[in-house]
Protein chains: 2
Amino acid sequence: MPRPKQRTPVLRDQVLDVALDLLAREGAAGFSTRAIAREASTSTPAVYELFGNRAGLLRAVFFAGFRRLAERLAARPESDDPRADLLALADDYRAFLVAHPELAGVMFSRPFADFSPGPEESQAGADVRDLVVARVRRAIDARILRGDATDIAHAYVSLIQGLAAAENARRLGTSKASVDRRWRVAVEALLDGLR
Amino acid sequence: MPRPKQRTPVLRDQVLDVALDLLAREGAAGFSTRAIAREASTSTPAVYELFGNRAGLLRAVFFAGFRRLAERLAARPESDDPRADLLALADDYRAFLVAHPELAGVMFSRPFADFSPGPEESQAGADVRDLVVARVRRAIDARILRGDATDIAHAYVSLIQGLAAAENARRLGTSKASVDRRWRVAVEALLDGLR
DNA sequence: ACCGTTTCGTAACAGTGTTACGATATCTCC
DNA sequence: GGAGATATCGTAACACTGTTACGAAACGGT
């Protein structure tokens, strides 16, 4: 009997897209509920009904980021060279984080005081984690690496994220050549050191 | 002829101490100019005269963080084992970042939208950088590592910061044993892989 | 044509960073 | 000692933020 609802899951997706776009365009500073509501042609109470609060919206951005990263990593098919596949994984991971620095911040730093991922949110990265562990395990099976697959995956991902954070902060070098070289030195050394 | 100035460098140091303390106690959320002014028994305009704006205050926190980290790293004397010294450096680095997670955020993540270190601020980490490069160079001279000292130092620091970020976000493992093991696996593998 | 209900968005609240400006405290001079 | 000049201080305002109460509006059913 009342008017038909507009604050549906469809609108939720639209608002989320706007939020991702706005974050990429204007960074953390422009990420206000008013700006998002305006760009999505709706009102702030709609955003609050759909996401609870700004932290909920950031949570959704966080999950979307991991979904996209997992897609990106899965897009590259496995070859018959497990080591090359791990190097390619690092390349893809790096490319994603550098192409979406603000999104990377939400995923791995905490650019917003009101959202910090807890145990609840650790499930978001499950697909990415599984994919990395699988590629590491293949390398172990091929006798290219030695050790526990999960431990090695953590080491590898930590190195990649550390390098990407440094690159995004322009801390890793001034020229593209030096940045590329330091990525290569670090990633290859870690793999070599794992036997 | 007017009243004597209170907003002196002495007050500046006091305000900075309060800011560091408040950041450590309440995190990014509690870091407001009003709260800092109140705890320092002064007014917000005083904070603005001393630091320009909140970004300036964060800049001062950023520099203070690097000063403390450099002190912490320099406190450990060099031994006659360059490899052990590099492992100890990683331990000290880790201990500092884990003991001061919010400060580490200001230094290496960007928890505040209004301050992000640019080329101007890269000088802050000079002492730390020099210290790491020096220890790496010693290891190269001792034939324990091979390659360019600066490249290796970047790789090593990136790995340490990536691991520390993961540990602070409780992403590296659930038990202390597994976290410690992953640190060990990663750091030793990188050193081993650099010959 | 009206009514009841539900959904909507305006407008308010408390808090933030920032600053204009009037109040204040001190030194100097008489 | 008192009065004035003046630099310094902090209150109070502004524009903005996240968040929500509540009155206005729109629809289906009678």
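The structure displayed is predicted, hence computed values, not measured ones. To find a chain, count down the sequence lines: A is the first, B the second, and so on, and within it residues start at 1.
- Side-chain N/O atoms of B/Lys5 include one lying less than 4.0 angstrom from OP1 or OP2 on D/dC9.
- Within 4.0 Å of B/Phe112, counting heavy atoms only, lies no atom of the nucleic acid at all.
- In this structure, B/Asp114 reaches neither bases nor backbone, as no heavy-atom distance under 4.0 Å exists between it and the strands shown.
- In this structure, A/Gln161 and B/Arg171 approach most closely via the heavy-atom pair OE1-NH1, 3.0 Å.
- B/Phe31 has its CZ atom 20 Å from the P atom of C/dG15, to the nearest Å.
- The shortest distance between side-chain heavy atoms of B/Leu86 and B/Leu145 falls below 4.5 Å.
- Ring geometry for B/Phe66 against B/Phe108 counts as perpendicular: the plane angle is over 60°, on a 0 to 90° scale with 30° as the lower cut.
- In this structure, A/Thr33 reaches the bases: a heavy-atom distance under 4.0 Å links it to at least one base atom across the strands shown.
- For DNA chain C, the neighbouring residues in residues 37-45 of chain A, judged by any heavy atom under 4.0 Å, are A/Ser43, A/Pro45.
- When the ring pair (Phe, Tyr, Trp, His ring centres under 6.0 Å) test is applied to A/Phe96, the partners found at least two apart in sequence or on another chain are A/His100.
- Considering all non-hydrogen atoms of both residues, A/Phe62 and A/Pro117 come closest at CZ-CB, 3.7 Å.
- Going from atom CD of B/Glu49 over to atom C1' of C/dT19 covers 13 Å, rounded to whole Å.
- For C/dG15, its base never sits under 3.5 Å from the side chain of B/Arg34 at any donor and acceptor pair.
- Between B/Glu102 and B/Arg25 no salt bridge is recorded (no basic side-chain N to carboxylate O distance below 4.0 Å).
- At whole-Å resolution of the value, OH in B/Tyr48 and C1' in D/dT11 are 15 Å apart.
- Residues A/Asp80 and A/Arg138 come closest through the heavy atom pair CA-NH2, 4.1 Å.
- One can place CD1 of A/Ile36 at 17 Å from P of D/dC16, the figure rounded to the nearest angstrom.
- Between the CG atom of A/Leu50 and the C1' atom of D/dT20 there is a distance of 15 Å, given to the nearest Å.
- For A/Arg3 and C/dT6, a side-chain-to-base donor-acceptor distance below 3.5 Å is absent, hydrogens and geometry of angles not being considered.
- In terms of phosphate contacts, A/Arg7 brings a side-chain nitrogen or oxygen within less than 4.0 Å of OP1 or OP2 of C/dC8.
- Distance B/Phe115 CZ to C/dT18 P: 14 Å, rounded to the nearest Å.
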